[in-house]
Amino acid sequence: MLAQIKGLHHVTSLASDARDNNAFFTNVLGLRRVKKTVNFDAPDVYHLYYGDEAGTPGTIMTYFPFQNAARGRPGAGEVGRTVFSVPTGTSRAWLDRLATFEVAGLAQDVRFGQKRVLFNGPDGDVFALVEHDDDRAPWTGNGVSADMAVRGFHSADMRLRDGAKTAELLQFMGYEKDDTEGSVTRYIVPGGNAANTIDLDVNPTASAARPGAGSVHHIAFAVANRARQLEVREALLDTGYQVTPVIDRDYFHAIYFRTPGGVLFEVATNEPGFDRDEDTAHLGQALKLPGQHEHLRARLESYLQPLED
Ligand code: ZN
């Protein structure tokens, strides 16, 4: 069993409109845009990162906004709900806030004894805020007060037809089975960051998900550094997973592999971080391009939709 993985690093999803996406995560949820760059593999598309002040691993929601992309169809084989942590007692205030912005899908529930506010993103993305004691410092620069602001990820759930092999994989990655409620089994990585929880939601008759706007593209797990990442890569290869070589994503190094349930996993390093190419006070403001795409700057700056700061 591995001990290098410390919880979530980031979650990356697809969107249909960069401006709507940016407005939702900054103005409505109050996250900070910590990086404005492009999809390194398709530089005509933004890659937008939202998180806490520094873009700390475990807080980072990222998007590829493919303009006018068709919506995905939820189903098995994908990350279903991405869950952010908010302070205990703030559900009412969040319901009111989200209603003011006419956010879709508003509802409340309780899972494993924790109160949640359920809501949808601009493309039908499935989210929740969970009341949870969390000592992470919030970003308050977008007008959500510190007493209710999002602290980062709490968890993500995966919708699967058969959870057995994914459960085995999570346990190999260092997660421990915590509890079961209905179709959902919770796994927690001991000694992890605050985003240390994964829920497996098993429904044997679910139809397969069809990816599109509002779908999670992949989910990334955090390791401290490149040495720990290589240990994880070797262990996964030894276990029979097809793992990519290490890829330099400028703000972290990444490896990817497809899980038995169909979800694309990434393992990403906590270093070097988002202040690698701009200072923390100005994160996310300028368009940042990786070296291999810098020659496209003039074209991309005229082509990509301008975003509000
Ligand atoms: Zn990623």
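Just so you know, ligand 1 is whichever comes first in the structure, and atom 1 is the first atom listed for that ligand. In this text, all values refer to a predicted model and were calculated from it rather than measured experimentally. Worth knowing before you read on, the calculation uses all heavy atoms, side chains too, and leaves out hydrogens, waters and symmetry mates.
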- N/O/S atom of His9 inside 2.8 Å of the Zn ion (ligand 1), strictly under: no
- Message: Tell me whether the Zn ion (ligand 1) has His10 as a neighbour, meaning an N, O or S atom of it below 2.8 Å.
- Response: yes
- The atom of His218 among N, O or S that is nearest the Zn ion (ligand 1) is NE2
- Of all N, O or S atoms in Glu266, the one closest to the Zn ion (ligand 1) is OE1
- Query: Do Phe252 and His9 pass the ring-ring contact (aromatic ring centres under 6.0 Å, His included) test, and can you show the C-alpha distance, the side-chain angles, and the key distance before you say yes or no?
  - Reply: CA-CA 10 Å; Phe252 47 88; His9 185 287; 5.1 Å; yes
- Note on the structure: Here the gap from Leu95 atom CG to Phe119 atom CZ, rounded to the nearest 0.5 Å, amounts to 10.5 Å
- Message: I need the Asn196 CG to Glu176 CD distance, nearest 0.5 Å.
- Response: 11.0 Å
- Message: Applying a strict under-4.5 Å side-chain criterion to I, L, V, M, F, W and Y, I'd like to know whether Tyr49 and Val216 cluster together.
- Response: no
